[in-house]
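Structure first, commentary second.
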Amino acid sequence: MPACCSSFDNSVERQFDGKKVAEELKRYRTKGPGPTTRLLQQDIARVGAMEGGTLLDVGSGIGSMTFGLLDRGLTHAVAVEASSAYTDAAREE
């Protein structure tokens with residue numbers, strides 16, 4: 001792997017470690033998605049882009065945007081995340 005990529009991987013893993021992700025997942029499970037995510041979900045649903053639509057969620061984190069839009073009728077989603085801790089949490093959720 002080129003040096004630039006391994007440096008990025010290391011930075012992502014340090015920034016989004018298991019502790020941070022566990023805290024976010026706990027907050028999501030008790031309170032639902034954050035206010036910005038809720039507003040985005042509402043606006044996307046309001047414009048009617050749900051039925052038969054596909055979401056590309058880059059930087060998907062624990063997947064709260066993806067899960068919420070799938071619950072609202074979106075039929076396909078692709079979640080892209082660089083942090084292994086976030087990927088594991090989204091897979092678990």
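Keep in mind the model is a prediction, meaning the values are calculated, not measured.
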Subject >> Shortest non-hydrogen contact between Pro33 and Gln41, atoms and distance >> reply: CG-OE1, 4.0 Å
Original post:
Taking NZ, NE, NH1 and NH2 as the nitrogens, is one of them in Asp43 or Arg46 under 4.0 Å from a carboxylate oxygen of the other?
Top reply: yes
Subject >> All side chain to side chain contact (heavy atoms under 4.5 Å, CB included) counterparts of Thr87, not counting sequence neighbours >> reply: Glu81, Arg91
**OP:** Would you give the length of the straight line joining atom OG1 of Thr37 to atom CD of Gln42, rounded to the nearest 0.5 angstrom?
**Re:** 11.0 Å
Original post:
Closest heavy-atom contact between Gly53 and Thr75?
Top reply: O-OG1, 3.2 Å
**OP:** Please list, chain by chain and in numerical order, all residues satisfying side chain to side chain contact (heavy atoms under 4.5 Å, CB included) with Ala85, sequence neighbours excluded.
**Re:** Val21, Ser83
Subject >> Shortest non-hydrogen contact between Val47 and Ile44, atoms and distance >> reply: CG2-O, 3.2 Å
Subject >> Contacts of type side chain to side chain contact (heavy atoms under 4.5 Å, CB included), residue Leu70, not counting sequence neighbours >> reply: Thr66, Leu74, Ala77
**OP:** Would you give the length of the straight line joining atom OH of Tyr86 to atom CD of Gln15, rounded to the nearest 0.5 angstrom?
**Re:** 8.5 Å
Subject >> Value rounded to 0.5 Å, distance of CD1 in Ile62 from CZ in Arg29 >> reply: 8.0 Å
Original post:
Which heavy atom in Ser84 sits nearest to a heavy atom in Glu13, and how many Å separate them?
Top reply: OG-OE1, 2.8 Å
Subject >> Distance-minimising heavy-atom pair for Ala79 and Ser60 >> reply: CB-OG, 3.5 Å
